[in-house]
2 protein chains.
Amino acid sequence: MSEKKSKFHCPVEATLSQIGGKYKMIILCHLIHDGTLRYNEIQKHIPQATAKMLVQQLKELESDGLINRKVYPVVPPKTEYSITERGKSLTEVIDSIRDWGRNYMSGTFE
Amino acid sequence: MSEKKSKFHCPVEATLSQIGGKYKMIILCHLIHDGTLRYNEIQKHIPQATAKMLVQQLKELESDGLINRKVYPVVPPKTEYSITERGKSLTEVIDSIRDWGRNYMSGTFE
DNA sequence: CGGGATCCAAAACGATACTG
DNA sequence: CAGTATCGTTTTGGATCCCG
């Protein structure tokens with residue numbers, strides 16, 4: 001087989017297909033640097049995201065193997081999210097984006 | 001004044017506000033590594049983008065100071081795009097994204 | 001050749017209400 | 001607490017035709 005002619009014209013597209021979602025890089029950034037977080041902790045970090053969006057993005061990240069989701073069978077519910085090894089491989093990407101953003105926000109480029 | 005309470009909750013968002021558009025990172029990648037390109041050369045590099053989308057993204061990149069647009073007053077028209085110094089500051093970001101994508105495409109993570 | 005203008009479809013996103 | 005379901009809006013993207 002292997003007639004799969006590669007879905008992507010450019011490697012950049014391949015990366016974006018995994019982390020191009022609106023909140024995905026932000027989620028990864030927090031999970032990489034803060035470690036394991038509960039659902040509502042993530043929500044506090046990203047207050048502009050609605051629950052629907054957050055859950056959706058978390059699910060996609062999980063099914064792409066970038067984050068882990070662990071549900072504790074207790075009441076009230078408790079769910080923890082953490083970065084996977086595969087997710088950690090994005091550390092350089094996320095950090096460079098974060099660093100550029102810091103410079104941008106501090107006015108270095110304006 | 002300075003009552004601008006910072007539009008971004010996270011530096012990652014700041015970066016995405018500049019290069020988060022669908023084709024922006026791909027455009028920047030080509031302009032960074034290939035140098036100056038004519039409009040139709042960019043289009044050949046990104047065949048899945050329609051003219052409308054491409055022009056839109058190029059305009060936004062230009063008004064954000066990340067790329068230059070030079071129009072030659074000749075017939076037929078000729079327009080060249082190139083990276084600005086500010087745009088070059090994104091080289092690390094773009095390269096890390098491209099590098100991760102290369103690994104992803106070559107199956108390292110699958 | 002390098003667009004602009006218009007119209008339209010689809011996807012992304014958000015507000016609200018509800019649930020185990 | 002950690003979601004799900006539904007609906008409506010907004011944004012994104014594309015097809016087509018037009019222009020200097």
Side-chain angles (χ1 to χ4, degrees), chain A residues 7-10 12-13 15-28 30-31 34-64 67-83, chain B residues 7-10 12-13 15-28 30-31 34-64 67-83:
Chain A
K7 297 162 53 183
F8 311 111
H9 303 84
C10 168
V12 170
E13 291 173 55
T15 303
L16 293 179
S17 75
Q18 299 277 296
I19 61 170
K22 185 161 190 179
Y23 302 114
K24 286 185 182 178
M25 301 194 202
I26 305 174
I27 294 169
L28 290 172
H30 287 299
L31 290 180
D34 299 346
T36 299
L37 291 173
R38 290 186 60 164
Y39 173 81
N40 68 12
E41 292 179 307
I42 297 176
Q43 209 166 38
K44 271 168 203 142
H45 279 299
I46 316 175
Q48 74 274 27
T50 59
K52 176 190 165 188
M53 285 308 302
L54 211 48
V55 170
Q56 189 183 103
Q57 304 271 296
L58 287 166
K59 272 186 183 170
E60 291 180 14
L61 288 171
E62 189 199 1
S63 72
D64 283 331
I67 66 173
N68 284 129
R69 176 173 178 267
K70 175 157 191 187
V71 182
Y72 293 88
V74 296
V75 285
K78 174 177 173 180
T79 306
E80 283 182 349
Y81 292 91
S82 57
I83 196 84
Chain B
K7 296 161 55 183
F8 312 111
H9 302 85
C10 168
V12 170
E13 292 173 54
T15 303
L16 294 179
S17 75
Q18 301 276 296
I19 61 170
K22 184 161 191 178
Y23 302 114
K24 287 185 183 178
M25 299 192 203
I26 305 175
I27 294 168
L28 290 173
H30 288 297
L31 290 179
D34 300 346
T36 299
L37 292 172
R38 289 186 62 165
Y39 173 81
N40 67 13
E41 293 180 306
I42 297 177
Q43 208 165 38
K44 271 166 204 144
H45 280 300
I46 317 176
Q48 74 274 27
T50 60
K52 176 191 167 187
M53 284 309 301
L54 212 47
V55 170
Q56 190 183 101
Q57 303 273 297
L58 286 166
K59 269 188 185 170
E60 290 179 15
L61 287 170
E62 189 198 2
S63 72
D64 283 332
I67 66 173
N68 284 129
R69 176 172 178 267
K70 175 157 191 187
V71 182
Y72 294 87
V74 296
V75 285
K78 174 178 173 179
T79 307
E80 284 182 348
Y81 292 92
S82 57
I83 196 83

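Note that the structure is predicted; figures quoted are calculated from it, not measured. Quick note: numbers below take in every heavy atom, side chains included, and nothing from hydrogens, waters or symmetry partners. Every chain is numbered from 1 and lettered A, B, ... according to where its sequence line falls, protein lines coming before strand lines.
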- Task: Kindly assign one of parallel, tilted or perpendicular to the pair B:Y39 and B:Y81, based on the angle between their ring planes and the thresholds 30° and 60°.
- Result: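 Rings of B:Y39 and B:Y81: tilted, as their planes differ by 30° to 60°.
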- Looking at D:dA2, C:dG2, C:dC13, which one has an atom nearest to any side-chain atom of B:Y39? C:dG2
- Query: Which of these nucleotides, D:dG13, C:dG2, D:dA2, is closest to any side-chain atom of A:T79?
  - Reply: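 Closest nucleotide to the A:T79 side chain: D:dA2.
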Integer-rounded Å distance: [N] [atom2] and [X] [atom1]:
X     : N      : atom1 : atom2 : value
B:L16 : C:dC13 : CG    : C1'   : 16 Å
B:Q43 : C:dG2  : CD    : P     : 9 Å
A:L37 : D:dC1  : CG    : P     : 16 Å
B:Q57 : C:dG2  : CD    : P     : 18 Å
B:E80 : C:dG2  : CD    : P     : 10 Å
A:K59 : D:dA2  : NZ    : C1'   : 11 Å
B:Q56 : C:dG2  : CD    : C1'   : 16 Å
A:I46 : D:dA2  : CD1   : P     : 14 Å

- Could you tell me whether A:Y81 contacts a base, only the sugar-phosphate backbone, or nothing, with contacts defined as non-hydrogen atoms closer than 4.0 Å? sugar-phosphate
Please table the atom pairs, donor to acceptor, closer than 3.5 Å between any side-chain atom in residues 18-25 of chain B and protein atoms at least two apart or in another chain.
from: B:Q18; atom 1: OE1; to: B:R86; atom 2: NH2; distance (Å): 3.1
from: B:Q18; atom 1: NE2; to: A:Y104; atom 2: OH; distance (Å): 3.1
from: B:K24; atom 1: NZ; to: B:E60; atom 2: OE1; distance (Å): 2.7

- By side-chain hydrogen bond (donor to acceptor under 3.5 Å, both in side chains), which residues pair with A:E13, not counting sequence neighbours? B:Q48
- Item | Axis-to-axis angle between the two ends of the helix from C:dC1-D:dG20 to C:dG20-D:dC1 (five base pairs per end, rounded to 10 degrees) | 50°
- Message: Quick check for you: to the nearest 0.5 Å, what is the distance between B:H45 atom NE2 and B:I26 atom CD1?
- Response: 12.0 Å
- Query: Roughly how far, to the nearest 0.5 Å, is the CD atom of B:Q43 from the CG atom of B:L58?
  - Reply: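 It is 9.5 Å, given to the nearest 0.5 Å.
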- Task: Could I get the full list of side chain to side chain contact (heavy atoms under 4.5 Å, CB included) partners for B:K78, not counting sequence neighbours?
- Result: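 Scan of B:K78 (side chain to side chain contact (heavy atoms under 4.5 Å, CB included), adjacent residues dropped) gives B:R38, B:Y72, B:V74, B:E80.
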- Tell me, please, which residues at least two apart from A:E62 pass side chain to side chain contact (heavy atoms under 4.5 Å, CB included). A:I67, A:R69
- Message: Between B:R69 and C:dG2, is there a contact of a side-chain N or O with OP1 or OP2 at under 4.0 Å?
- Response: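 No, B:R69 has no side-chain N/O under 4.0 Å of OP1/OP2 on C:dG2.
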- Has B:R38 got a side-chain N or O lying under 4.0 Å from the OP1 or OP2 atom of C:dG2?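 For B:R38, the contact criterion (side-chain N or O under 4.0 Å from OP1 or OP2 of C:dG2) is met.
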- Query: Using a cut-off of 4.0 Å between protein heavy atoms and nucleotide atoms, how would you tag nucleotides 14-20 of chain C 5' to 3' with B, S and -?
  - Reply: BB----B
- Is any side-chain heavy atom of A:D34 closer than 4.5 Å to a side-chain heavy atom of A:L37?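 A:D34 vs A:L37: side chains touch.
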- Query: Which is it for A:L54 and A:I27 under the side-chain contact (heavy atoms from CB on, under 4.5 Å) test, yes or no, and what are the steps along the way?
  - Reply: CA-CA 9 Å; A:L54 211 48; A:I27 294 169; 4.1 Å; yes
